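Taking it in order: structure first as C-alpha cells, then the write-up.
Computed from a prediction, not measured in an experiment: that's the story for all the values here. Just the heavy atoms: all of them, side chains too, but no hydrogens, waters or symmetry mates, feed the values below.
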Amino acid sequence: MTDLAATAPAADPSYAESRRRPSFVAALYIYGSLFVVAAIVLVPLLTTALGGFKTLGDLRVNPFGLPSEWQWSNYTDILFSVRYWQMLMNSFIIAGLTTLLTLAVAAMAAFSLAHVRFFGAGFLMNYFLLGLMFPIATAILPLFIRIRDLGLLDSYLGVVLPQVAFGLGMAILLFRNFFRNVPKELFDAALVDGSGYIRFFWYITLPLSRPILATVAIVAFVNSWNNYIMPLIMLNSQAKYPWPLGIMVYQGEYSTDWQLVLAFITLTILPTIIVFFAAQKHIVAGLTAGAVKG
C-alpha cells in the first residue's frame, strides 16, 4: 500500500507536468540572461544604424539617442555612389573566392583525415590545428614577402590565398568531426558496390553534409568580409579595395565624418546579417553535429 501511495503522484499527468515546468526564479534567470545577451548584441547595431541618420554635431551631443533631425541623405548619398558598389563588389569577389577555396580544400582534407588511414594522419591534423593558435597579424611580414615573390601583390588572389590558409584549421576541424559521424555502413556498402573514396566523397558524403557546408561557408565568408589588415597590406589600387578599406574615404587629416562612417558600416554589414539569418538553422545543425562523438 505504501508503494502504491508513493508512486501515485508520479502517475498523475499534472504532477509530472509541474515537475517538468521550470520555477519562476529559474525562468526569470534564463530569460533575463537571454535579454542581456541580446542587448549586448543589438544595442551596438542599433546605435550604429541610428548614428548614420544624424549630423556630426548631433552625434557628438547625443550619440545613443534618436536623431533630432533625420538625415536620410547620409544613406542615399552612399547608396547612389559608384564607389560604394565597387567596394561592395570587391568584397563579394574576395569573400566568395575565399569561401569556395576553403570549402573545397578543407572538405577534401578532412575527408582524408576522417576515413583514410595513413601514416602521420594525427601529426598532419595537429599541424593544421596549429593555425588556430596564430593570428594573421603575426605572420604579415613573411606573408607579404611571399605574396610579392609570387607576383600576386595588388590582386584578389594575394588577399584570398592567405585568408584560405589561415581559415583551414577551423574548417578542417569542423568538417572532420562531421565526416566521422557518417555511418560506417554507408562506406562499407559503397565499397561493396565498387565505389572508391572519390565517388563516396562526391555522391554520398557531400550530399549529407549540407549543414556543415553552410556552417563553414558562413564562417569563412564573414571572416573574409570583415578582414581589414590583409587587404590593407596586399592591395595598392583603390579600385580593388573592399569595404573595410572604404572607411578611409570618410577620414580626413584633421576630422572624420563619423555619421557617414556609421552609415557606411550599417550598409555594408547588412549582407552578412541577412546571410547569417538565412542559414541560421543549418549553422546550428552543423555546429552540433559532431558534439556527441568525434
Do Leu59 and Leu262 make a side-chain contact, defined as non-hydrogen atoms from C-beta onward lying under 4.5 Å apart? yes
Using the test side-chain hydrogen bond (donor to acceptor under 3.5 Å, both in side chains), find all partners of Arg83 that sit at least two apart in sequence or belong to another chain. Gln238
Is a donor on one side and an acceptor on the other found under 3.5 Å between the side chain of Asn90 and the backbone of Trp243? no
Side-chain heavy atoms under 4.5 angstrom apart, residues restricted to Ile, Leu, Val, Met, Phe, Trp, Tyr: same cluster for Leu50 and Val61? no
Side chain to side chain contact (heavy atoms under 4.5 Å, CB included) between Leu143 and Phe166: does it pass, once the steps are laid out? CA-CA 11 Å; Leu143 274 176; Phe166 275 88; 3.6 Å; yes
Could I get the full list of side-chain hydrogen bond (donor to acceptor under 3.5 Å, both in side chains) partners for Asp154, not counting sequence neighbours? Ser237
Using the side chain to side chain contact (heavy atoms under 4.5 Å, CB included) rule, take Val261 and Ile265 through it: C-alpha gap first, then chi angles, then the decisive distance, then the call. CA-CA 6 Å; Val261 171; Ile265 292 174; 3.8 Å; yes
side-chain hydrogen bond (donor to acceptor under 3.5 Å, both in side chains) contacts touching residues 27-46 (sequence neighbours left out): none
Is there a side-chain contact between Gln163 and Ser224 in this structure, where contact means two heavy atoms from C-beta onward sitting under 4.5 Å apart? yes
Any side-chain heavy-atom pair of Trp85 and Leu79 under 4.5 Å: yes
Leu267, Leu45: one ILVMFWY side-chain cluster at the under-4.5 Å cut-off? yes
What residues, two or more places apart in sequence or in another chain, satisfy side-chain hydrogen bond (donor to acceptor under 3.5 Å, both in side chains) together with Asn223? none
For Ile233, side chain to side chain contact (heavy atoms under 4.5 Å, CB included) partners two or more places apart: Ile140, Phe144, Ile229
Donor-acceptor pair, side chain of Asn62 and main chain of Gly65, under 3.5 angstrom: yes
For the side chain of Lys54 and the backbone of Pro63, is there at least one donor-acceptor N/O pair under 3.5 Å apart? yes
Listed by chain and number, what are the ring-ring contact (aromatic ring centres under 6.0 Å, His included) partners of Phe179, not counting sequence neighbours? Phe175
What pairs with Pro271 under side chain to side chain contact (heavy atoms under 4.5 Å, CB included), at least two apart in sequence or on another chain? Phe92, Trp225
Just wondering, do Phe200 and Leu206 contact through their side chains at under 4.5 Å, heavy atoms? no
Is the backbone N or O of Gly52 less than 3.5 Å from a side-chain atom of Asn74, with the two atoms forming a donor-acceptor pair by type? yes
Would Leu66 and Val43 show up in the same hydrophobic cluster when neighbours are defined by side-chain heavy atoms closer than 4.5 Å? no
Would you say that Phe178 contacts Ser209 through its side chain, given a criterion of any heavy-atom pair below 4.5 Å between the two side chains? yes
Contacts under 3.5 angstrom, residues 100-113 side chains, donor-acceptor by atom type, not counting sequence neighbours:
from	atom 1	to	atom 2	distance (Å)
Thr102	OG1	Thr98	O	2.6
Ser112	OG	Met108	O	3.1

Connected via hydrophobic side-chain network under 4.5 Å: Leu161 and Ile94: yes
Using the rule that two of Ile, Leu, Val, Met, Phe, Trp, Tyr join whenever any of their side-chain heavy atoms come within less than 4.5 Å, decide whether Ile93 and Leu270 are in one cluster. no
Report the C-alpha distance between Met234 and Leu153 in whole Å, list the side-chain angles of each, state the deciding distance to 0.1 Å, and finish with yes or no for side chain to side chain contact (heavy atoms under 4.5 Å, CB included). CA-CA 5 Å; Met234 301 301 176; Leu153 280 180; 3.9 Å; yes
As an exercise, state the distance from OG of Ser81 to CZ of Phe264, rounded to the nearest 0.5 Å. 8.0 Å
Pairwise distance OG1(Thr205) to CG(Leu208) - rounded to 0.5 angstrom: 7.0 Å
Please output the side-chain donor-acceptor pairs of residues 122-139 that fall under 3.5 Å, not counting sequence neighbours, one pair per line with the distance.
from	atom 1	to	atom 2	distance (Å)
Asn126	ND2	Gly122	O	3.2
Thr138	OG1	Pro135	O	2.6

By the side-chain hydrogen bond (donor to acceptor under 3.5 Å, both in side chains) test, which pairs, at least two apart or in different chains, include something from residues 261-276? none
Leu173 versus Asn177: any side-chain heavy-atom pair under 4.5 Å? yes
side-chain hydrogen bond (donor to acceptor under 3.5 Å, both in side chains) with Thr76: which residues, sequence neighbours excluded? none
When rounded to the nearest 0.5 Å, the distance separating CE of Met89 from NZ of Lys240 is 15.5 Å
Going by the ring-ring contact (aromatic ring centres under 6.0 Å, His included) test, which pairs reach into residues 32-62, not counting sequence neighbours? Phe53-Trp70, Phe53-Trp72, Phe53-Tyr75
